[in-house]
Amino acid sequence: MYLPGVGPKKADVLRKEIDVISWEDILYYFPYKYIDRSKIFKIREIDGNMPYIQLKGKIRYYETIGEGHKHRLTAEFYDNTGSIDLVWFQNIKAIQNLYKPETEYILFGKPTFFNNNINIAHPELDTEDKFFNREVGVQGQYNTTEKMKNVFLHSRAIQKIITSVLESIKEPLPETLPNYIIQKAHVTSLDEAIRNIHFPASPVLLRNAEFRLKFEELFYLQLNILRVTKYREKRLGGFLFTKVGDYFNRFYSENLPFELTGAQKRVVREIRRDMNCSRQMNRLLQGDVGSGKTLVALLSILIAIDNGFQTALMAPTEILANQHFETVSQLLEGLEIEVRLLTGSTKKKEREKILPDVQAGKIQILIGTHALIEDTVVFANLGLVVIDEQHRFGVAQRAKLWKKNTVPPHILVMTATPIPRTLAMTFYGDLDVSVIDELPPGRKPIKTLHIYSAKRNNLYSSVRQQLRAGRQVYIVYPLIEESESMDLKNLTAGFETTKEIFPEYQVSMVHGRMKPAEKEAEMQKFVAGETQIMVATTVIEVGVNVPNASVMIIENAERFGLSQLHQLRGRVGRGADQSFCILLTEYELSENTRRRIAIMTETNDGFLIAEEDLKLRGPGDIDGTQQSGIAFNLKIANLSQDGQILSLARDFALEILEADSLLQKPENVLLNRQLKKLNQSKQMGWFMIS
Ligand code: ADP
Ligand code: MG
C-alpha cells in the first residue's frame with residue numbers, strides 16, 4: 001500500500017485477486033511467460049498475423065465513437081512510416097488522461113483484423129523504460145485479472161511494483177536453501193534467482209533462475225511428503241512376513257489357472273520384499289484394466305495368511321466387492337481358507353455371525369466396502385489390507401487403517417488409473433509404486449473407432465450383429481454437474497431411443513441420481529445378462545467386470561477427458577472376443593479434442609494416455625487428483641515438463657532424510673523452518689495427515 005504506484009485501492013485488489021499482501025508475495029508472483037522485446041517494428045511492416053509486437057511512435061488524436069456497449073475510444077498512432085488505429089473498450093476517460101498526444105511512447109500489443117482494418121486493442125504504452133534492459137530482449141509477462149486491469153494493474157504495473165520492491169531491498173534476499181544444497185545442486189542464490197526471474201540479465205541467467213526456483217519448490221514438496229514416510233517407517237514399524245508357506249505354494253501349484261505374466265511375477269516379488277523387511281508396506285500397484293491385479297492381491301494375501309495374519313480386501317462399491325468375493329472364493333476352492341463378504345447390505349443376522357469370527361481371528365480374508373474400516377469391525381490380527389481402485393481412498397482414510405492393529409497392517413492400494421510418474425511422486429509420494437505393464441497373453445486389443453454422430457445409423461447394424469452373437473453393449477452419456485438437467489434429459493432420451501432401435505433386447509439405465517439400491521439392482525441385471533444393453537453415465541466407470549460386454553459406445557465423446565475415455569473403454573475387452581469402442585462426436589471439434597480422439601483410436605496403452613492427458617490438460621485436471629480433493633498450486637514448476645528436476649529434488653530430499661529424518665542437524669534447521677512456513681500457507685497443507 002505504501003509502495004509508489006500502489007496505494008490502498010490497488011493494494012486491496014492485489015490482496016483479493018492474487019493473494020498478494022506482502023513484499024515477499026509479490027516477489028513470488030512470477031511471470032507466466034517472457035516475450036522478446038528486443039525488436040521494434042515499423043508500422044509499415046505490420047500485418048494482421050503477428051504475435052505481440054512493439055512500435056515506437058506518438059498518438060495524433062483521440063476519438064470516442066458508438067453508444068452503449070459499443071462505446072469505445074480510438075486513437076491514431078503514427079511513426080515515420082505510417083499510422084495504425086488503437087482501440088479501447090474500457091477506462092475511456094482514464095486512458096486519455098494517462099497517455100498524452102504527441103508524446104513518444106513504446107507501444108506493446110497485438111495487431112488484429114477488425115472491420116477490414118488492422119488495429120491494436122488495449123495496447124500498453126510506456127515512455128522509454130528506465131528499468132527494462134532492452135539489450136537483453138526478453139521481458140516477463142504477468143497474469144492479471146479483469147478486476148486488476150480495471151485499476152490499471154496490468155502486467156507492466158506489476159513489473160513496476162516489483163522494481164520498486166527490489167530497489168528498496170538493499171541487502172541480498174535471505175536464502176531459503178541451506179548452503180550445502182546450493183553447492184551440491186549447483187543452483188544460484190535466491191537473490192540472484194528472484195532478480196533474474198523478473199528481470200533477466202541474460203537468457204542463461206533466466207534459465208538458472210527458473211531452475212533454482214523450480215528445484216526449490218519441488219524439493220520442499222518432496223521433503224514434506226517423504227518426511228511423513230520416514231516418520232511412518234521409524235515410528236510405526238511393520239509386521240515381518242518371513243515365510244512363504246503352504247497356502248501360497250498349494251495355490252500356486254494346484255489352483256492357479258494360468259501362468260503369471262512376467263510383470264505379475266515381478267510385482268509379487270516387490271511386495272514380498274516389502275512385507276519381509278520390518279517396515280510397514282505402503283505400496284501403490286498400478287496396472288491397466290485387465291492386467292491381472294486381483295491375482296497379485298490374492299497372492300499377497302496368501303503370504304499374509306501363511307504367516308498367521310488376517311487380511312482385508314476393500315472395494316469402492318458393493319458390486320465390485322461382490323465380484324471380488326466370488327472370484328476369490330472360486331480361486332481358493334479346496335484350500336480351506338475362511339473368506340467372508342461384508343458390505344452395507346449384509347443382513348444383520350449374517351453380520352452378527354461374521355463380526356465375532358473376525359474378532360476371534362477365524363476369518364482369514366474379509367472382503368467388502370468401506371464398511372470394513374468402520375470401528376465396529378475389530379480384527380484379532382490384521383496384517384494386510386488391499387484397497388482396490390485407489391482414488392476413492394484418500395491419504396486420511398489409509399491412515400485410519402494404521403490403527404487397526406498394534407502395529408499397522410501392510411497396505412497395498414491398486415489402481416487402474418495410470419498416473420504419470422511425476423504425478424505419482426507428487427500426489428502419492430509417500431507410497432512406493434509397482435507397475436504391471438503387461439497384459440495376460442491372448443487378449444485381443446480393443447478396436448476404437450471415431451464416428452460422427454450424424455452417421456450413427458450405420459453403426460446400429462453392427463451393434464445388432466454383436467447383440468445377435470450374444471454380446472452385451474454399453475452406451476455412455478456425459479453428465480456434468482453444471483448442465484445436469486440437460487444431460488439427464490439426453491440420457492433419458494437416449495434410453496428411449498435405444499429401446500426403439502433395439503425392441504427385441506432388454507435395456508437398463510443407470511445414473512448417479514438414482515437411489516443406490518435401485519442402481520445396484522439395475523447394474524446386477526446387466527451383470528447377470530438379463531439386460532443386454534446398458535445406457536449409463538460414467539457411474540459404470542470403475543471396475544465392473546462383464547466379460548461378455550464387447551461394445552462400448554460413448555456419446556458426445558468430445559466432452560470426456562482422455563483418462564476418463566480410457567477408463568470407460570476398459571469396461572470392454574475383458575473376454576476372449578474382439579471388442580469395440582465407438583467414440584461419437586459432432587463434426588466440429590477443437591484441435592485439442594481431435595488430438596484426444598486421435599490418441600484414443602491409436603493406442604490402448606494407459607500410461608501413454610495418462611502422459612498425453614497430462615500434457616493436454618495440465619496436472620490440475622488429472623482424474624483422481626481433483627476427486628480426492630487434492631488442490632495445490634505450484635508457483636513455477638510444471639509437472640508435465642519438469643520431471644527431471646522433480647527426480648533430482650526427490651533424490652536430494654531422500655538423501656537428507658536418510659541422514660537426518662527429523663531435520664534436527666544444525667545445517668538443516670533452515671529446512672525445518674521453511675517447511676513450517678510452507679505448511680502454514682495453504683500451499684502444502686494437504687500433505688499433513690497426522
Ligand atoms: P484388473 O487388473 O483390471 O483388476 P483382473 O485382475 O480383474 O484385472 O484380471 C482380468 C482378467 O485376467 C481376469 O479374468 C483374470 O482371471 C485374468 N488374468 C489375470 N492374470 C492372468 C494371467 N497371468 N494369464 C491369463 N489371464 C489372467
Ligand atoms: Mg480390478
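Predicted model, so just to flag it, every value in this text is computed and none were measured. When reading the values below, keep in mind they use all heavy atoms of this one structure, side chains included, and skip hydrogens, waters and symmetry mates. Read the numbers this way: they start at 1 and go in the same order the structure lists the ligands and their atoms.
Within a 6.0 Å radius of CD in Glu254, more than 12 heavy atoms belonging to other residues, nucleotides or ligands are found. Counting heavy atoms of neighbouring residues, nucleotides and ligands inside a 6.0 Å radius, atom CZ of Arg279 does not exceed 12 of them.
In this structure, Gly287 falls outside the shell of residues with a heavy atom less than 4.0 angstrom from ligand 1. By the 4.0 Å heavy-atom criterion, Arg443 is counted among the residues contacting ligand 1. Assignment of Thr327 to the shell around ligand 1 is not supported, since no heavy atom sits closer than 4.0 Å. Taking a 4.0 Å cut-off on heavy atoms, Met414 fails to register as neighbouring ligand 1.
Legend: residues meeting side-chain contact (heavy atoms from CB on, under 4.5 Å) with Asp357, ordered by chain and number and at least two apart, are Lys362, Ile363.
Proximity of Asp388 to ligand 1, defined as any heavy-atom pair under 4.0 Å, is not found for any part of the residue. Contacts between Arg574 and ligand 1, counted as non-hydrogen atom pairs separated by less than 4.0 Å, involve the side chain only. At a 4.0 Å heavy-atom cut-off, ligand 1 touches Leu260 through the backbone alone.
The ring-ring contact (aromatic ring centres under 6.0 Å, His included) contacts involving residues 276-311 comprise Phe239-Phe309, Phe241-Phe309, where partners must be two or more places apart or lie in separate chains.
To the nearest 0.5 Å, atom OG1 of residue Thr294 and atom CE of residue Met414 are 5.5 Å apart.
Under the 4.0 Å distance rule, the nearest protein heavy atom to atom 14 (O) of ligand 1 falls outside the cut-off. Atom 27 (C) of ligand 1 is approached by the protein to below 4.0 angstrom, counting heavy atoms only.
Remark: Lys525 engages Glu522 in a salt bridge, criterion side-chain N to carboxylate O under 4.0 Å.
A donor-acceptor contact under 3.5 angstrom links the side chains of Asn548 and Gln472, judged on distance only.
With hydrogens left out, the protein atom closest to atom 8 (O) of ligand 1 is Gly292 N, 3.3 Å, a heavy atom.
Annotation for ligand 1: atoms under 4.0 Å from non-hydrogen atoms of Asp288 are 2 (O).
Between Phe526 and Ile533, every side-chain heavy-atom pair lies at or beyond the 4.5 Å cut-off.
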